Amino acid sequence: MIVLMAMKNAAGVTAFTSSAIICNNSAPPGHLATVNGVGQSAASLARAIGPAMAGLSWSLAIRLQTALPGLAQFLPFSMYAFLACVALWVCTFIPADLESKK
């Protein structure tokens, strides 16, 4: 379990750093502070909304347990997997020229 948690934390740090680099490379030098501020605000909003959405999905799964016995517990995981696939698809549209600083 400790190894899995270490891997999860390493992936989170890598994802955060990568997104910060892409944001910095996409902004013109005069607007870098604004872009960083908006990026940090969006990340904070996601961290605030995330636990509430997770709780809602789990409560929905519990309510659906009688309608879908044996399947409802997979609802939150399938929702998160779908969101991860959408995020991966969106990342395919990131231009390659953002790999280098302007």
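The shown structure was predicted, so the numbers you read here are calculated from the model rather than taken from an experiment.
- Under the side-chain contact (heavy atoms from CB on, under 4.5 Å) criterion, Ile62 pairs with no residue, sequence neighbours left out.
- Residues satisfying the ring pair (Phe, Tyr, Trp, His ring centres under 6.0 Å) test with Phe93, not counting sequence neighbours, are Trp89.
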Give the table of side-chain donor-acceptor pairs shorter than 3.5 Å for residues 27-41, with sequence neighbours excluded, one pair per line with atom names and distance.
{"from": "Asn36", "atom 1": "ND2", "to": "Asn24", "atom 2": "OD1", "distance (Å)": "3.2"}
{"from": "Asn36", "atom 1": "ND2", "to": "Leu32", "atom 2": "O", "distance (Å)": "3.4"}
{"from": "Ser41", "atom 1": "OG", "to": "Gly37", "atom 2": "O", "distance (Å)": "2.9"}

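- Closest of all the heavy-atom pairs between Ser26 and Cys23 is OG-O, 2.9 Å.
- The hydrophobic cluster of Met5 has no other members, since no ILVMFWY side-chain heavy atom comes under 4.5 Å of it.
- Under the side chain to side chain donor-acceptor pair (under 3.5 Å) criterion, no residue pair touches residues 9-23, with sequence neighbours excluded.
- A side chain to side chain donor-acceptor pair (under 3.5 Å) check over residues 72-86, counting only residues at least two apart or in different chains, returns the pairs Ser57-Tyr80.
- Ser59 pairs by the side-chain hydrogen bond (donor to acceptor under 3.5 Å, both in side chains) definition with nothing, not counting sequence neighbours.
- Hydrophobic cluster membership of Ile49, counting Ile, Leu, Val, Met, Phe, Trp and Tyr whose side-chain heavy atoms lie under 4.5 Å apart directly or via other members: Leu45, Met53, Leu56.
- A search for side-chain contact (heavy atoms from CB on, under 4.5 Å) contacts involving Ile94 returns Ile22, Cys91, Leu98, not counting sequence neighbours.
- Evaluation of the ring pair (Phe, Tyr, Trp, His ring centres under 6.0 Å) test over residues 37-58, restricted to residues two or more places apart or in two chains, returns Trp58-Phe77.
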